[in-house]
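The next block holds one structure in the form of structure tokens; read it before the comments.
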Amino acid sequence: MGNWLVNLRDWVDARLPIVRTWNTHMGAYYAPKNFNFWYFFGVLSLLVLVNQLLTGIWLTMNYVPSQEEAFASVEYIMRDVDYGWILRYMHSTGASAFFIVIYLHMFRALIYGSYKQPRELIWIFGMLIFVVLMAEAFMGYVLPWGQMSYWGAQVIISLFGAIPYVGEALVEWFRGDYLISGITLNRFFALHVVALPIVLLALVVLHLLALHEVGSNNPDGVDIKKHKDEKGIPLDGVAFHPYYTVHDLQAIAVFLFIFCFIMFFMPEVGGLFLEAPNFEIANPLKTPEHIAPVWYFTPYYSVLRAIPDKFWGFVFFAASVAIPFLLPWLDRSPVKSIRYRGIFTKIALVVFISSFIILGVLGVWAPTDSRTLLARICSVLYFSFFLFMPIWTTLETTKPVPDRVTTKGGMGVFGSLGVLALILALAIIPLKAVAAESAFDCGQIPCAEVDFDLTDTDSLQSGSALFVNYCMGCHSAKYMRWGRLADDLGIPESIAKEHLILGNDTKFGALMNISMTEGYAKKVFGGAPPDLTLAARARSPEWLYTYLNSFYLDPSRPYGVNNLVFKDVGMPHVLLDLQGDQLCRPAIAIAANGGIKRDENGEPLEDSYSDCGRVVAGEAEGSLNPEEYQEAMYDLVNFMTYMAEPSAVKRERMGISVLLFIAVFFVFAFLLNREYWKDIDH
């Protein structure tokens, strides 16, 4: 068997140089033996690239790139495709993970001068990869066809309209229509799935070929090819395989542990990886309260918003992405590594990274005057880092560079942690100064603090009954299936058909639609009531719970009620018979003196009396006392939280097993690495 495989290898190798290619790029490629933590991110970026390609292929098997079906097809993947939710979360988490490792990979190039001669072309290819990756991520961000997908595309594409003469034509060309539509979605799908991945893979190959032609840099910035033994092997190098392949297994294990922890236990990451507005289907007639791109674009978006003029905003936005291409020619320092550079470079790099972090956070937040001012200051610091680099790198005094690599150099763990603390402090302190917001999370009041339990089957069953009997008179849950609901909640099919499923002819596996047509709903309500399948993710469970407890009588409204959380809400209080009357207690009656709105004479203003501070029980009691009503609302919201993501409990249970497996894998990877490296001089 062994001879047959060897003969096959030799036969193929005579026609295709696989052995020579292996030796050139792995087995006989010698890398510096003093690689440190920062050199893990190159291989991690390749790992994430493979993840994105494979999961993307599987997602396209069920995704429908049409304006009518795109959003529903994503929910179909999440709910009805076996383990489709894993594929979706691997891809969405992988998108953010890609930019995290790429940014850290670029940071390593900054601190060790990996862009300097003879590695200029490596840096150029790397920057091209980054730009294509930004385009690829933007196209993919539009595909779920949620609210932020639609409006984010609207904002970004409209930027090109600022270009004189050809701007409007470019915008129309990008859209493929006069507005964002299904044609735009189809175009972006083709680019995201076919065109850009081909370009990205080609650039990655060129990046690696250029790297292996001139050799890898190292923390000392020393060329290991200067010192070789009689066989031509660098004295300070080791074969990439097996030494760095087993070495990188440890980093892969740690990365996968973090990646899987996020994927299984917090896939939304507080709205950074998956934004709440994107759990609502795209609506051209409803603009989100705050439009912002996903987090990895926000530093450049902050630069755009910091400029008051649209044209110059676009210019500086484009320049912020383009200017790093010039880095190899802006840096005039005679040394590569920050270990041997002067104090100017170290201060400039710390300020630059802090400014970049601040710009990223500000891009996520809604703009205010103070935040815009801070964004302008940080934009100046961002560009100053590059524009003044030729000056300080020429003037500063550098340290002597060793002739050969060192294995004990650098700042050490505590020194690195100290620099990290300094960078974070320089970023956090200014952000704290502009972080104050006037609005509550739940309209006029803070959201209630409630912990929901998706393992409480009794609560979920009670909540499902409330939802069907009270909510589904007007609202659908059209991405959820009756059969899935019954199975997950432990309700036998016969009982579900008799007491739960609406409509005698409704099939057990049908979607949870209602009989009210959209046209009739518009006639009765003035607009179709929104679907509630994903309400708990689009709004948050705490918001829903607070909302359901905050109705009060208001004769000025069409249905005689208003709401503290959703002021001037356009729906009736369908749970009124359960809760009973609630009255508004004006804010002036409960506010502290400093909080009352007064005129110049100290008299309370009229609108102070109309502000509702909180609700109190009225005369008409409901069928439930206040404690029972709150418990019923807990069950209802608990059910809506389950319905928004039916796989949540299964996801977390599976996550524990996966993390345990990765932990065991890390132990074996650590032992294997120690065995291989025990005879290498560190």
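Counting from 1, the numbers follow the sequence of the chain as shown.
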Flag the pair Phe125 / His207 as yes when their ring centroid distance falls below 6.0 Å, and as no otherwise. no
Working note: Leu272 + Val294, criterion side chain to side chain contact (heavy atoms under 4.5 Å, CB included); need CA distance, chi angles, decisive distance, verdict. CA-CA 7 Å; Leu272 288 178; Val294 73; over 6 Å; no
State whether the number of non-hydrogen atoms from other residues, nucleotides or ligands found under 6.0 Å of Trp58 atom CH2 is greater than 12. no
Quick one: does Met139's side chain get under 4.5 Å of Leu143's, heavy atoms only? no
Nearest atoms (heavy-atom pairs only) where Ser476 meets Asp531: OG-OD1, 2.6 Å
Just do the side chain to side chain contact (heavy atoms under 4.5 Å, CB included) check on Ile281 and Leu534 with the steps written out, would you? CA-CA 10 Å; Ile281 191 169; Leu534 294 159; over 6 Å; no
Is the number of heavy atoms from other residues, nucleotides or ligands within 6.0 Å of CG (Asp369) greater than 12? no
Whether the side chain of Asn549 engages the backbone of Met633 through a donor-acceptor N/O pair (distance < 3.5 Å, no angle test) should be reported. no
Once side chain to side chain donor-acceptor pair (under 3.5 Å) is applied, what residue pairs with a partner in residues 78-97 remain, sequence neighbours excluded? Thr55-His91, Glu75-Arg79, Asp80-Arg481, Tyr89-Arg537, Tyr89-Glu645, Ser96-Trp295
Validation row: Phe383, Val303 side chains within 4.5 angstrom (heavy atoms): yes
In terms of heavy-atom contacts, does CZ of Phe311 have more than 12 from other residues, nucleotides or ligands at under 6.0 Å? yes
Any pair with a residue in residues 159-188 that passes side chain to side chain donor-acceptor pair (under 3.5 Å), sequence neighbours left out, goes on the list, sorted by first then second residue, please. Gln154-Arg175, Asp177-Ser181
Looking at residues at least two apart in the chain, or sitting in another chain, which of them share a disulfide bond (SG atoms under 2.5 Å apart) with Cys474? none
Among residues at least two apart in sequence or on other chains, which ones pass disulfide bond (SG atoms under 2.5 Å apart) with Cys471? none
Nearest heavy-atom neighbours spanning Val171 and Gly161: CG2-N, 3.3 Å
So CH2 of Trp482 and CG of Leu511: to nearest 0.5 Å the spacing works out to 10.5 Å
With sequence neighbours left out, write down each residue that passes ring-ring contact (aromatic ring centres under 6.0 Å, His included) with Phe386, or none if nothing qualifies. Phe352, Tyr382
Using the ring of each side chain (for Trp, its six-membered ring), is Phe297 parallel, tilted or perpendicular to Phe138, with breaks at 30° and 60°? perpendicular
Look at the side chain of Trp151 and the backbone N and O of Lys286, then say whether any donor-acceptor pair between them is shorter than 3.5 Å. yes
Determine yes or no for a side-chain-to-main-chain donor-acceptor pair under 3.5 angstrom, with Tyr103 supplying the side chain and Tyr296 the backbone. yes
Test side chain to side chain contact (heavy atoms under 4.5 Å, CB included) on Glu280 and Phe71; report intermediate values, then the result. CA-CA 9 Å; Glu280 294 182 68; Phe71 187 86; 5.8 Å; no
Who pairs with Phe279 by ring-ring contact (aromatic ring centres under 6.0 Å, His included), at least two apart in sequence or on another chain? none
